[in-house]
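All residue numbers refer to positions in the sequence shown, counting from 1. This is a predicted model, so every value here is computed, not measured.
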Amino acid sequence: MHKLSGYFLATAVSFAALPLAADTKPAQPNDFIEVFAKLFGEHKGIRKGHAKGVCAVGDFTASAEATARFDAALFSGATLPVTYRFSMAGGNPNVPDYARAPRGLAAQFNLPDGSKHNIATLTTPVFGAKDPENFLGLLQASVPGADGKPDMAKVQAFRTAHPDTQPQAQWLATNPPPWSYTTAEYFGIHTFYLADKSGENIKIRWHLQPKDGIKGLTDAEVAQQNANFLNDRLHQRLKDGMVEFDWIISLGEASDSENDPSVQWPARPTLNAGTLRIKASGDASCNNINFDPNVLSSGFSASDDPVLRMRSPAYAISFGKRLSGQ
């Protein structure tokens, strides 16, 4: 497998188009499946994005503050079972864990009425582009040539022409890879709406804050790590007890971006919505879950973010191929 810079190990995608330039063709869900195969190779029966990962199980309990403020089934205060998946971004199931690439944490909450609620997060506070077309263009520009390497001049030219593709790459270049899955902060990236008790829909974003603290690898540690240390450290950490993350919700203002995941919100008032607990790892509990973040329980609604909207069809194609061994 050819080596790509950390940015190109970004998450598998999904989108719906904004108004486009006259010469721009709208991106289609299968375009991303095809370009990921060109970037990372064909891996039959494997997730097309976040190919390398580990399952975990645990639960979630909302905070009293979230229960009092929001009209959401997820925040009823009941303890809900949760299936998790920690992962490396990109389509290479053999990517080394020390790569300067995003990590992911996805979760599926199981509510008492049988409904589900999914979240999908990255360790970068922004996505790799503002819309499907720019992200697809960047991926296509990075497809390796005959020598197995991307043309970095071509990639840089695309970034220069599309400034929204720069913030995530800059973040990855200036922040060390996480020391473990449990010492990383995970960002929801997209904007959602959450109903409060008065019926008003509040604009929100969120991040998951590790109670173990945030810790990155030093340059020396990057050079020394084995390819699979993240899974090993997760298993070892869980021997000492459960892992916990606080679910921190940012309450947006009118000026905050609703439809551009490449833009980070300014600091806003926050609310601790509850605690996610990881109690065990290593089983196959998440293998047949499609962690589409548009699967939402009552009280939540999605924004018109085109990246978020496209996730559903692209994830569905990937899920179908995986289950059928493609």
Side-chain angles (χ1 to χ4, degrees), residues 1-15 27 29-55 85-106 120-129 132 134-144 148-150 152 155 158-159 165 167-173 175-178 181 184 186-187 189 217 222 225-231 234 261-262 286-287 290-293 307 310-311 314-315 317-319 321-322 326:
M1 174 63 62
H2 50 266
K3 294 183 179 179
L4 299 173
S5 67
Y7 176 82
F8 299 118
L9 298 171
T11 62
V13 296
S14 358
F15 316 102
N30 202 54
D31 292 340
F32 298 97
I33 305 300
E34 293 175 353
V35 76
F36 264 56
K38 293 176 182 178
L39 286 167
F40 303 109
E42 294 279 3
H43 303 282
K44 295 185 182 299
I46 302 294
R47 293 175 192 266
K48 305 310 176 188
H50 289 261
K52 183 179 185 180
V54 59
C55 302
R85 187 173 187 266
F86 292 95
S87 62
M88 293 289 293
N92 178 7
N94 301 308
V95 60
D97 289 351
Y98 47 80
R100 282 189 177 272
R103 279 70 172 143
L105 175 53
T121 68
L122 290 178
T123 52
T124 59
V126 292
F127 188 64
N134 283 4
F135 188 55
L136 179 62
L138 180 60
L139 296 175
Q140 291 171 334
S142 71
V143 171
K149 300 177 182 179
M152 295 313 297
V155 172
F158 189 91
R159 287 194 188 280
T165 65
Q168 189 191 61
Q170 292 166 352
W171 196 96
L172 288 167
N175 288 271
Y181 280 135
Y186 296 89
F187 299 88
I189 293 177
L217 297 172
V222 170
Q225 294 305 322
N226 68 59
N228 300 301
F229 74 92
L230 286 173
N231 287 8
L234 178 61
S262 72
C286 69
N287 286 359
N290 175 13
F291 288 100
D292 177 357
V307 177
M310 182 71 84
R311 285 190 183 274
Y315 278 33
I317 293 170
S318 174
F319 187 58
K321 285 181 175 291
R322 177 158 57 90
Q326 298 180 59

Here the gap from Ile317 atom CD1 to Asp31 atom CG, rounded to the nearest 0.5 Å, amounts to 9.0 Å

Side-chain contact test, heavy atoms from C-beta onward, threshold under 4.5 Å: evaluate it for Phe187 versus Pro125 and give yes or no. yes

Tightest non-hydrogen contact, residues Ile46 and Ala51, listed as CG2-CB, 3.6 Å

Of all heavy-atom pairs linking Ser142 and Val155, the shortest is CA-CG2, 3.8 Å

So does Arg103 get a backbone contact from the side chain of Thr123, meaning a donor-acceptor N/O pair under 3.5 Å? yes

Measure up the Phe127 and Phe135 rings against each other and bin them: parallel (under 30°), tilted (30 to 60°), perpendicular (over 60°).
tilted

Closest non-hydrogen atoms of Phe32 and Leu136, given as atom of the first, atom of the second and distance, are CE2-CB, 3.5 Å

Does Arg47 use its side chain to pair, donor to acceptor, with the backbone of Gly53 at less than 3.5 Å?
no

The reported gap from OG1 in Thr165 to CZ in Arg159 (rounded to nearest 0.5 angstrom) is 5.0 Å

Here the pair of heavy atoms bringing Ala27 nearest to Pro132 is CB-CB, 3.8 Å

Tested for ring pair (Phe, Tyr, Trp, His ring centres under 6.0 Å) against Tyr181, the lone hit among Phe86, Phe229, Tyr186 is Phe86

- His50 and Leu122: CA distance, side-chain angles, deciding distance, side chain to side chain contact (heavy atoms under 4.5 Å, CB included) verdict: CA-CA 11 Å; His50 289 261; Leu122 290 178; 3.7 Å; yes

- request: Evaluate the criterion side-chain hydrogen bond (donor to acceptor under 3.5 Å, both in side chains) for residue pair Asn231 and Lys52; output intermediate values, then yes/no.
  value: CA-CA 10 Å; Asn231 287 8; Lys52 183 179 185 180; over 6 Å; no

In short, Ala101 meets Leu172 closest at the heavy-atom pair C-CD2, 3.8 Å

CZ of Arg85 to CG of Asn287, rounded to nearest 0.5 Å, is 7.5 Å

*Examine Phe40 together with Phe36 and report whether their ring centres are nearer than 6.0 Å.*
yes

One should read off an interatomic distance between Lys48 NZ and Gln326 CD, to the nearest 0.5 angstrom, of 7.5 Å

| field | Heavy-atom donor-acceptor pair, Thr121 side chain to Leu105 backbone, under 3.5 Å | value | yes

From the list Val54, Asn94, Asp97, side chain to side chain contact (heavy atoms under 4.5 Å, CB included) with Met88 holds only for Asp97

Heavy atoms of Glu42 and Ala37 approach each other most closely as OE2-CB, 3.6 Å

When rounded to the nearest 0.5 Å, the distance separating CG of Asn92 from CG of Leu39 is 11.0 Å

So CZ of Phe291 and SG of Cys286: to nearest 0.5 Å the spacing works out to 5.0 Å

